[in-house]
Amino acid sequence: QLQLVESGGGLVQPGGSLRLSCAASGFTLDYYAIGWFRQAPGKEREGVSCISSSGGSTNYADSVKGRFTISRDNAKNTVYLQMNSLKPEDTAIYYCAADPGPTVQAMCVMTWYDYWGQGTQVTVSS
């Protein structure tokens, strides 16, 4: 059974940092592009950052550029999202998702991602 499990969310003060992890079970992430998406209350789900299967291409939403870094460790079957300088507007449920299509350039096109985790809550508040 293909499964993605997010972890690392929590409550953090503005300016703080969190590292989210997306671990796969039942399949290897080597051949999948992975994306991080988020959904805040009352808002649509949006792409945050995506990484190609090789890790050679990454993509970031303008709102997180310079603050968030996506990376992958295929040996550990895990993708990470390092989030620094967090702002209250980063508060959302964060989901990771896997795109099985052949991708050279990472793109956070939601409909390309077939497999989704259950999400982890990130709350940025003082």
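All residue numbers refer to positions in the sequence shown, counting from 1. Just so you know, these numbers use all the heavy atoms, side chains as well, and skip hydrogens, waters and symmetry mates. Quick caveat, the model's predicted, so the values are computed rather than measured.
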Of all pairs that satisfy ring-ring contact (aromatic ring centres under 6.0 Å, His included), the ones with a partner from residues 47-76, not counting sequence neighbours: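 Every candidate ring-ring contact (aromatic ring centres under 6.0 Å, His included) pair involving residues 47-76 fails, so no pair, neighbours aside, qualifies.
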
Heavy-atom pair with the smallest gap, counting every atom of [X] and [Y]:
X: Pro100; Y: Ala98; result: CD-O, 3.6 Å
X: Ala106; Y: Ser57; result: N-OG, 2.8 Å
X: Gly9; Y: Leu20; result: N-CD2, 3.6 Å
X: Cys108; Y: Asn59; result: SG-OD1, 4.2 Å

For Ala92, is there any backbone N or O sitting under 3.5 Å from a side-chain donor or acceptor partner on Gln39? no

Expected output: side-chain Thr91 to main-chain Val124 donor-acceptor under 3.5 Å: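 Here the side-chain-to-backbone pair exists.
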
Residues sharing Trp112's hydrophobic cluster, by side-chain heavy-atom contacts under 4.5 Å among ILVMFWY, directly or via others? Phe37, Ile93, Tyr95, Met107, Val109, Met110, Tyr113, Trp116

Please write out which residues are connected to Leu11 in a hydrophobic cluster, directly or through intermediates, given that two of Ile, Leu, Val, Met, Phe, Trp, Tyr count as joined at side-chain heavy-atom separations below 4.5 angstrom. none

Could you pull out all donor-acceptor pairs under 3.5 Å where a side-chain atom in residues 28-36 meets a protein atom, sequence neighbours excluded?
{"from": "Thr28", "atom 1": "OG1", "to": "Asp30", "atom 2": "N", "distance (Å)": "3.4"}
{"from": "Thr28", "atom 1": "OG1", "to": "Asp30", "atom 2": "OD1", "distance (Å)": "2.8"}

So Val122 and Met83, do their side chains get closer than 4.5 Å, heavy atoms only? yes

Are any of the side-chain heavy atoms of Leu4 and Phe27 separated by less than 4.5 Å?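 Yes, side chains in contact.
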
Which residue pairs satisfy the salt bridge (charged side-chain N to carboxylate O under 4.0 Å, His left out) criterion with at least one member in residues 39-54, sequence neighbours excluded?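 Checked against salt bridge (charged side-chain N to carboxylate O under 4.0 Å, His left out) - neighbours excluded - the pairs reaching residues 39-54 are Arg38-Glu46.
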
According to salt bridge (charged side-chain N to carboxylate O under 4.0 Å, His left out), does anything in residues 68-81 pair up with another residue at least two apart or in another chain? List the pairs. none

Return the [atom1] to [atom2] distance between [X] and [Y], rounded to the nearest 0.5 Å.
X: Ile70; Y: Gln82; atom1: CD1; atom2: CD; value: 12.0 Å
X: Ser17; Y: Arg67; atom1: OG; atom2: CZ; value: 10.0 Å
X: Asn84; Y: Thr69; atom1: CG; atom2: OG1; value: 6.5 Å

Output yes when Lys87 and Asp90 qualify as a salt bridge under the 4.0 Å nitrogen-oxygen rule, no when they do not. no

Do Tyr80 and Ile51 belong to the same hydrophobic cluster, where Ile, Leu, Val, Met, Phe, Trp and Tyr are linked whenever their side-chain heavy atoms lie under 4.5 Å apart, directly or via other members?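 Shared cluster, no.
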
With Thr78 as reference, evaluate Cys96, Ser21, Ser71, Cys22 under the side-chain contact (heavy atoms from CB on, under 4.5 Å) test and give the passing residue.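 Output: one option passes, namely Ser21.
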
